[in-house]
Protein chains: 2
Amino acid sequence: MHIDRAATAGHSFKSGPQAKFTVAKPPHPNTPLTEHLAYLLAQANREINRQLESRLSTEGVPVEQWRILKVLSDGEGHSMGDLAEAVLLNHPTLTKMIDRMVSDSLVYRRQDANDRRKVLMFISDRGKALCKRLNSLAASQEAYILANYGDKATGELKRLLENLIDAAS
Amino acid sequence: MHIDRAATAGHSFKSGPQAKFTVAKPPHPNTPLTEHLAYLLAQANREINRQLESRLSTEGVPVEQWRILKVLSDGEGHSMGDLAEAVLLNHPTLTKMIDRMVSDSLVYRRQDANDRRKVLMFISDRGKALCKRLNSLAASQEAYILANYGDKATGELKRLLENLIDAAS
DNA sequence: TCGAAAATGTTGAATGTTCAAGAATTGGGA
DNA sequence: TCCCAATTCTTGAACATTCAACATTTTCGA
């Protein structure tokens, strides 16, 4: 094990030994992370995303690919830019993920005839079939949440999140 | 520009031309992403995190490092495992982030005398000073949110998120 | 007491993401 | 019309994260 003692030069050494004297928690917890909205959001997102990920792993598909398929499910062409915005990925990341999905024959590219800078993405039949299976996996997760967390709370939370997103962007 | 036409073999071509006939939105939108709690959480988290990140960038510090400093601010030693859990990072990622922070003399390592498998992390004086500055940057973001989004909604949202986290984990 | 299994951290390779730059196309003003 | 700036997407290099394997220490049952 590698402890970098050199880096401690010039630091107070009081903190180390102090630990053994602070068995009881201080009355006013030192402004813990959980007071911050940003942290609660990160934590909740992480947990819910984990669960969803584990469901979708049945099909070996990352959450983002499900989102992409879902957006393309309307059968219309979506530009890379619009897609990136919709699925919360930035452009280069999306490009490379789409490359993989094209290799898997889940989606395909077409040049936009009206604006040839643009690339329009379409879902394939294979992609549609996969998306259908993924949708039901995701639906079962939502059902699980609703059961554990309650209909009302879920609805209220969604509403508040939508408002926050509107207010923040 | 590289359009992989080979990948489209065997796909229905109906979707493309169809687009021009669906100008008006269908009455029942094709189950868009925004109906899913997981998506709303991801979106809100992304937005809030972006804002926080941009504030903290004044000090050139990623959000995770602020969280680490905040946890260590109690002056006690925290094991890598506990830290990882608290700041929502997995072990290897934390190890490498801590390596950077040690290089920057923000924190330092000590071996736990009681359990020598463990490494205890401590904050340095330099780290404390930085953390103080970061706290006020973060506080100004929270104030901004409260102003735009409302006291009541923020409190309610926090409460619901806490419950969700409890229910989900 | 001994030894196997569990717990704790770190490492290196594989993988993924991001940043900056580039290519192609469009748009709009001189 | 022509050219330069803006838009859209992709690429390659730098960077960060993750997975699996490892080393060390502790725990606990035989």
Side-chain angles (χ1 to χ4, degrees), chain A residues 1-5 7 42 45-46 49-50 53-54 56-57 60-68 71-72 77-104 107-122, chain B residues 1-5 7 42 45-46 49-50 53-54 56-57 60-68 71-72 77-104 107-122:
Chain A
M1 183 165 301
H2 155 258
I3 305 286
D4 189 348
R5 296 179 190 284
N45 180 47
R46 180 180 150 107
N49 212 54
R50 251 204 234 291
E53 194 173 38
S54 112
L56 301 191
S57 72
V61 172
V63 175
E64 290 80 9
Q65 291 199 11
W66 171 56
R67 293 206 192 114
I68 292 171
V71 169
L72 298 185
H78 293 257
S79 74
M80 293 295 281
D82 291 350
L83 248 191
E85 180 121 359
V87 305
L88 314 178
L89 291 176
N90 51 19
H91 288 212
T93 303
L94 178 64
T95 291
K96 285 153 193 173
M97 182 159 284
I98 289 287
D99 285 346
R100 284 169 236 146
M101 294 177 77
V102 167
S103 299
D104 294 342
V107 299
Y108 56 95
R109 290 184 231 245
R110 285 279 177 276
Q111 209 169 43
D112 187 335
N114 298 112
D115 184 340
R116 276 158 39 218
R117 289 170 301 184
K118 291 188 183 175
V119 171
L120 297 182
M121 299 304 313
F122 293 92
Chain B
M1 182 166 304
H2 155 259
I3 305 287
D4 188 347
R5 299 182 188 282
N45 180 48
R46 180 179 150 106
N49 211 55
R50 252 206 235 289
E53 194 174 38
S54 111
L56 301 191
S57 73
V61 171
V63 175
E64 290 80 11
Q65 291 200 10
W66 171 58
R67 293 207 192 114
I68 292 171
V71 169
L72 297 185
H78 293 258
S79 74
M80 293 295 281
D82 291 351
L83 247 191
E85 180 120 359
V87 304
L88 314 178
L89 290 176
N90 51 21
H91 288 213
T93 303
L94 178 64
T95 291
K96 285 153 192 173
M97 182 160 282
I98 289 286
D99 285 346
R100 283 169 237 148
M101 295 177 76
V102 168
S103 299
D104 295 341
V107 299
Y108 56 96
R109 290 184 232 244
R110 283 282 176 275
Q111 208 170 42
D112 187 335
N114 297 112
D115 184 341
R116 278 161 36 221
R117 289 170 302 184
K118 290 189 182 173
V119 171
L120 297 182
M121 299 303 314
F122 293 91

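What you see is a predicted model, and the numbers here were worked out from it, not measured in a lab. Labels below follow one simple rule: chain letters A, B, ... track the order of the sequence lines, proteins then strands, and each chain is numbered from 1.
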When rounded to the nearest 0.5 Å, the distance separating CD of B:Glu64 from CG of B:Asn49 is 7.0 Å
CG (A:Leu56) and CZ (A:Arg67) are apart, to the nearest 0.5 Å, by 10.0 Å
Hey, is the side chain of [X] poking within less than 4.0 Å of OP1 or OP2 on [N], counting only N and O atoms?
{"X": "A:Arg100", "N": "C:dT17", "value": "yes"}
{"X": "A:Thr95", "N": "D:dT10", "value": "yes"}
{"X": "B:Arg116", "N": "C:dA7", "value": "no"}
{"X": "B:Arg109", "N": "C:dT10", "value": "yes"}

By nearest-heavy-atom nucleotide on DNA chain C, the more 5' of A:Ala113 and B:Ser79 is B:Ser79
Of A:Asn114 and A:Met97, the one whose closest nucleotide on DNA chain C sits nearer the 5' end is A:Met97
Taking the side chain as every heavy atom from C-beta outward, state whether [X] and [Y] have any atom pair closer than 4.5 Å.
{"X": "A:Arg109", "Y": "A:Ile98", "result": "yes"}
{"X": "B:Leu120", "Y": "B:Ser79", "result": "yes"}
{"X": "B:Met80", "Y": "B:His91", "result": "no"}
{"X": "B:Val107", "Y": "B:Val102", "result": "yes"}
{"X": "B:Val71", "Y": "B:Asp82", "result": "no"}

- Distance-only donor-acceptor test, B:Lys96 side-chain atoms vs C:dG12 base atoms, 3.5 Å: yes
inquiry  = Could you check whether the side chain of A:Arg117 and the base of D:dT7 have a donor-acceptor pair of N or O atoms closer than 3.5 Å, going by distance alone?
reply    = yes
The nucleotide from D:dC9, D:dT17, C:dA7 with an atom nearest the side chain of A:His91 is D:dC9
From the candidates D:dT8, C:dG16, C:dT8, the one with an atom nearest any side-chain atom of B:Lys118 is C:dT8
Could you write out each protein N or O paired with an N or O of nucleotides 21-23 of chain D at a distance under 3.5 Å?
none

Starting at [atom1] of [X] and ending at [atom2] of [N], how long is that distance when rounded to a whole Å?
{"X": "A:Asn49", "N": "D:dT18", "atom1": "CG", "atom2": "C1'", "value": "15 Å"}
{"X": "B:Met101", "N": "D:dA16", "atom1": "CE", "atom2": "C1'", "value": "16 Å"}
{"X": "A:Asn90", "N": "D:dC15", "atom1": "CG", "atom2": "P", "value": "17 Å"}
{"X": "B:Glu64", "N": "D:dA16", "atom1": "CD", "atom2": "C1'", "value": "11 Å"}
{"X": "B:Arg50", "N": "C:dT17", "atom1": "CZ", "atom2": "C1'", "value": "14 Å"}
{"X": "A:Leu94", "N": "C:dC19", "atom1": "CG", "atom2": "C1'", "value": "17 Å"}
{"X": "B:Ile98", "N": "D:dT17", "atom1": "CD1", "atom2": "C1'", "value": "16 Å"}
{"X": "A:Gln111", "N": "C:dA24", "atom1": "CD", "atom2": "P", "value": "12 Å"}

Check: Would you say A:Arg110's side chain and A:Gly77's backbone share a donor-acceptor pair under 3.5 angstrom?
Finding: no
Applying side chain to side chain donor-acceptor pair (under 3.5 Å) to A:Thr95 and not counting sequence neighbours gives none
Residues in residues 80-89 of chain A with a heavy atom under 4.0 Å of DNA chain D, by number, are A:Met80, A:Gly81
Looking only at heavy atoms, the pair that brings A:Arg46 and B:Leu88 closest together is NH1-O, 2.9 Å
